[in-house]
Each structure stands twice: as structure tokens, then as C-alpha cells.
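Worksheet: one structure, shown below.
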2 protein chains.
Amino acid sequence: MVAETAAHDVFLDIFDGGPTQELAPGEVLLHAGARADHVYNIESGMLMVSRTGGDGRRQVLSFLVRDNFVGLTATEHYFFTVEAVTASRVVCCPRRVLTERLASDGEAERTFMNMLYRVLEDAYDLVYNLGQRNAAERLAVFLLYIRYWKRLSEDITDDADGRLDKVDLPMSREDIADFLGLKKETVSRSFRQLEERRLISRRERTGVRIESLPELRELAGIRDFASPRRLASPT
Amino acid sequence: MVAETAAHDVFLDIFDGGPTQELAPGEVLLHAGARADHVYNIESGMLMVSRTGGDGRRQVLSFLVRDNFVGLTATEHYFFTVEAVTASRVVCCPRRVLTERLASDGEAERTFMNMLYRVLEDAYDLVYNLGQRNAAERLAVFLLYIRYWKRLSEDITDDADGRLDKVDLPMSREDIADFLGLKKETVSRSFRQLEERRLISRRERTGVRIESLPELRELAGIRDFASPRRLASPT
DNA sequence: CGGCAATTTGATATCCATCAATCGGTGTGG
DNA sequence: CCACACCGATTGATGGATATCAAATTGCCG
């Protein structure tokens, strides 16, 4: 895990001293179809990547946190829309700078490619989740996913005091629904179901406490997430 | 498109003279979890990439045809299982050879990375399909997907004689179901539904003729597939 | 405290899964 | 060449999970 961070740092310096941008909740950082001129790194907050069909149906593809990349694409245009879930700060870097860095630095390029592989594995995790699991199982996977991110973005290695079992869900029920391929009412009912089975408890709007991690994992059918770090997301 | 093929050829030569392997329908080329020692290129036939959960649920992640890569992974082990759908022939190459080639040849590495991006876009297409569309829509997308592959693998650029509208589905209904997150009975009923709406007609087990491409596209909610080529698939 | 938006809860409808036959093609042996 | 058996696909009947529509509640912010 530490090695992973170090590897990532190999080219994080392209953002050093770059202009930062503050985003309010709901603010859009970049639109699907716009020219892909820049890449961003997240300094704080949470962003959301989504794709909306011609008929308005929206699929949320991922949630991004600190040190995740935004704006990666092989083409001239962004494929997805990225917006802020919570107040966030991002650093900007011309896409050309990243490109040139990768072209001139073999180690950076290999590291970057490993990042892409991880993102791909995440995408396939989501495919499995949507294709094979029911509503409660999808929500269980989602909670473990968020918990995992929290560990990473807060650099928690030891969880003796159980901080990891209190996860915060700043996104709306509808955002969660669009991520899990469900409707918001079904998400609500699935929360209640997990609560009645004593796997979680809730406080206020966004707070969830994991009461039984083993049972939640069993429901999710997951030992743990395979990828040691989720670093990038193309758009 | 031509440029794309040329770009691909940049490192296809690593397979030159390599040992080939014949696969019978249903034969497994590589297992999830096995050591990732080799990569393969498909010379003929069709393969299928899938992932099976601890409880036996299976998600098919993609179907692969000529010149698709098999066995790509960032880790020491394959993540997915790859098996033959039809009788197939693959060429083998030690993974190290590919790695070294990419490390020493910047152009090859960039080309390879673009392949990865395309695979990622495919994966997100599938996410949208599973998360947001109903059974008939998913099947419509699948048919267009197969049709698109056929165009690529047979190098059809002009379709004056309508060959593209006759697509062949060599995989079983269950394979299709596991790809689309449905059950085989639902796939059957969805075929019938498309037939009753006169969007397709069927001959024998595997033959489908697209009777109204515009209407099929409208149902799928797709103008066309964005990626000019689908080249690789990690495992 | 009051009002608004998000969430939850409730009632019902729809779609897909499940279970159970039947069909149909394919291959085999008489 | 035909009869039969087998296996995948289709069709039918029913059940269950999620969507939809509507109302009540909660939390949030002025």
C-alpha cells in the first residue's frame, strides 16, 4: 500500500503549483463531449462521474476522492460528466503536460498504465454488481466500497478505535440509486432492510455505522476489494 | 479505422512464429487466479471472458474475436476466466516479451494504452446497459454490438449487399443471459418480442437477421458504438 | 417556528425470475 | 432412411423483486 502511494507520487508532481479550482456541491467540473484539454487531481472533497443517455437516464460510474485523477481519455473529448458531490478543491494541469511526462518517463508511464488497469478492474466489479446482485447485496457492496475509500483517503492502517465503521454518505439517495442501477425508493428500503437485519445503523441523513462487518461482507459476497488503490478515472 | 489497425499492428509482431493452440468449444484457455505467464492473440473463433462468484453466479464480461488480446493484467494472476465459444485458434506469447516490448518501444506503449482506454469504455458501456436498460433494450444493444464486431473482424466497410444485417450468435442463450444480467428464458422472450415488433427475424438456432436497423438503434438508444475498435481484454 | 426539499413509507403495477412443460434440431443406432 | 433420445431453446403459469405513484415524515435552513 505504501509502495502504491509512492508509485503514484512518481508523476503527481505535474500538478505542483498548478491552478486550483473550488467546486460547490453539484457544480460540474467537466461535461461529456467537451474538448479534453485538462486533467485534474482532487485535493479534497468528493466528485462523481456519470453518463446520461439521450432519454435522461443517468448511470453514475464512480465516486472520486482525494488524489484521484479526473479527465483521462484517449480521445479529443471527455466521455463522461464529472461534478462535485461535496465542496471540493481540484488542481488543474494541461493534458499535454501529462502526455509529455508519460512519453518521456518510462516509469511514470508504467505506473500510469497500472492505474488504468485498476480503474478497469473497478469497472468490472461494477458490472458484476449490476448484473448479478440484488438490491440489498448491491447496497452492501457499496457500503464496503465507501468504507474502503475512507481507509485510503484518510490513511488509516489500524482501526483499533473503529473509526472505519462509521461511514459518511454525502451523496443523495438518487445518486446512490443511479450508481447501483436502482430507484431511490428501493435504496431507502434496502437501507431499512440492512438496518432491520442489524448489519448497520443510521444517524441523521448521511451517517451509517457498520454494526456487523462480517455479515455485511458475507451479504456482499466479498472478502475484500482486490485493488489496493483507486487512483484514476477517465472521462 | 485503417490507422487504428496499423497502430495495432505496431506490436502484433510479438506473436510472430509463436506456438498456436487450438481450442474446442467450451474449452478453457485460462482460469481466474492462475499465474499470468502468457498473453494470447486470437487468430480465429470466438472466446468469452467471465467472472464467477463464490456462490456460482457468473457474469460474462465480453466476447472476443480475431486480433483481440487475451490475458492482460497488471498483477501476477489472471482475474477472469477465458473460454472458447466456438472452435478457435490462439497464438501464445510470454508475458515478459510483451512487457519488454512496451518498455522499450514508446510508440507501442502508447498504442497499448489506447487499447486499454477502449476496453475501459466498453466496460462502462456495459455498466450503462446493465444499470439503466430493460431486457429488450439490452438485447438490442447486444445485437448491434455483435454486428459491429462482425464489421470489424471481416473488414467490411461498405455494406451494399446487406451482409451486416445477418448476424450469427454462436454462444448459448445462457451465455447471452449472463452477459446481459438476465436469465435465459428472459433472453428467449426478448428475442420473440423483437421478432414480433419486426425488428429482427430468426433462422435456425444462431441466425438473426436485422430487419429494421433504425428501429433497433432507436430501441437501443444508440447512434453507434463510439470506439472504432475493440482490441484487447484483460483477465 | 415555518416552509421546503429530501427521504421514508405505503399501495399497487410491472417486469423479470422461477418452475414446469413442450418443442425442435441433432446425432445415433436399428 | 427412419425412430428415438438428448439437449438446448421456447413457451406457459405463477411468484417475487423492484418500479411507480402517492402520501407522510424528517431533517434542514431561513
Side-chain angles (χ1 to χ4, degrees), chain A residues 24-26 48 53 55-60 85-87 129-143 168-197 200-208 219, chain B residues 24-26 48 53 55-60 83 85-87 129-143 167-197 200-208 219:
Chain A
M48 182 174 72
D55 54 1
R57 282 180 279 190
R58 183 184 70 154
Q59 176 68 45
V60 171
V85 174
T86 64
N129 206 16
L130 297 181
Q132 301 301 133
R133 291 197 248 255
N134 66 25
E137 291 168 344
R138 291 184 207 180
L139 184 57
V141 170
F142 176 69
L143 291 172
D168 190 58
L169 305 177
M171 68 293 287
S172 75
R173 294 296 189 253
E174 187 139 25
D175 293 339
I176 298 174
D178 286 348
F179 181 63
L180 298 179
L182 301 170
K183 294 296 171 184
K184 57 187 187 305
E185 296 93 332
T186 305
V187 172
S188 258
R189 285 185 242 268
S190 299
F191 268 118
R192 163 163 274 289
Q193 198 181 318
L194 295 187
E195 206 168 31
E196 277 168 354
R197 293 165 68 173
I200 64 170
S201 58
R202 285 180 290 171
R203 243 213 223 301
E204 279 121 39
R205 201 83 353 205
T206 66
V208 171
L219 179 61
Chain B
M48 183 174 69
D55 52 5
R57 283 181 278 191
R58 183 184 71 153
Q59 176 68 44
V60 172
E83 67 200 276
V85 173
T86 64
N129 206 16
L130 298 181
Q132 299 302 131
R133 291 198 249 256
N134 66 26
E137 291 168 344
R138 290 183 207 180
L139 184 57
V141 170
F142 176 70
L143 291 173
V167 300
D168 189 60
L169 306 176
M171 68 293 286
S172 74
R173 294 295 188 253
E174 187 140 25
D175 293 338
I176 298 175
D178 285 348
F179 181 64
L180 298 178
L182 301 169
K183 294 297 172 182
K184 58 185 187 303
E185 295 93 335
T186 304
V187 171
S188 258
R189 285 186 242 270
S190 300
F191 268 117
R192 164 162 274 286
Q193 199 181 317
L194 295 187
E195 207 168 29
E196 278 168 354
R197 295 215 244 161
I200 64 169
S201 59
R202 285 179 288 171
R203 250 222 217 296
E204 278 121 39
R205 203 87 351 210
T206 67
V208 172
L219 179 62

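Predicted, not measured: the structure shown is a model, and the values here were computed from it. Here is the naming used below: chain letters follow the sequence lines, and residue numbers restart at 1 for every chain.
- At whole-Å resolution of the value, CZ in B:Arg57 and P in C:dA17 are 13 Å apart.
- At whole-Å resolution of the value, CZ in A:Phe191 and P in D:dG27 are 15 Å apart.
- At D:dC28, none of the side-chain N or O atoms of A:Arg205 fall inside 4.0 Å of OP1 or OP2 (strictly under the cut-off).
- If you take OG1 on A:Thr86 and CE on A:Met48, they are separated by 11.0 Å, rounding to the nearest 0.5 Å.
- Of the possible polar contacts, none joining the A:Arg133 side chain to the A:Arg138 backbone as a donor-acceptor pair under 3.5 Å is found.
- As rounded to whole Å, 12 Å separates atom C1' of C:dA20 from atom NZ of B:Lys184.
- Between A:Arg192 atom CZ and C:dG10 atom C1' the separation is 12 Å, expressed in whole Å.
- When each of C:dT7, D:dA19, C:dA17 is scored by its nearest atom to the side-chain atoms of B:Thr186, the top-ranked nucleotide is C:dA17.
- Using a 4.0 Å heavy-atom distance criterion, B:Arg138 is classed as making no nucleic acid contact.
- As rounded to whole Å, 12 Å separates atom P of C:dA17 from atom CD of B:Glu174.
- Listed for the B:Gln132 side chain is no donor-acceptor partner under 3.5 Å among the backbone atoms of A:Gly181.
- In this structure, A:Glu185 reaches the bases: a heavy-atom distance under 4.0 Å links it to at least one base atom across the strands shown.
- Atom CD of A:Gln193 and atom C1' of D:dA17 are 10 Å apart (whole Å).
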- Message: Determine whether A:Arg189 and A:Glu185 satisfy the following criterion, salt bridge (charged side-chain N to carboxylate O under 4.0 Å, His left out), listing intermediate values before the conclusion.
- Response: CA-CA 6 Å; A:Arg189 285 185 242 268; A:Glu185 296 93 332; over 6 Å; no
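- Atom-to-atom, NZ of B:Lys183 to C1' of D:dA17 comes out at 13 Å; the value is rounded to the nearest Å.
- Of the residues B:Val85, B:Asp175, B:Thr206, the one that meets the side chain to side chain contact (heavy atoms under 4.5 Å, CB included) test with B:Pro170 is B:Val85.
- Where A:Ser190 and A:Glu204 each meet DNA chain D at their nearest nucleotide, the meeting point lying more 5' is that of A:Ser190.
- Within 4.0 Å of A:Arg202, counting heavy atoms only, lie sugar-phosphate atoms of the nucleic acid but no base atom.
- Computed from coordinates, the A:Gln132 CD to D:dA17 P distance equals 17 Å when rounded to whole Å.
- Projected onto DNA chain D by closest heavy-atom contact, A:Thr206 and A:Arg133 fall at different nucleotides, the more 5' of which corresponds to A:Arg133.
- Within the nucleic acid shown, B:Arg189 comes within 4.0 Å of at least one base atom, counting heavy atoms only.
- Closest contact between the side chain of A:Leu182 and the listed nucleotides D:dA19, D:dC28, C:dA17 involves D:dA19.
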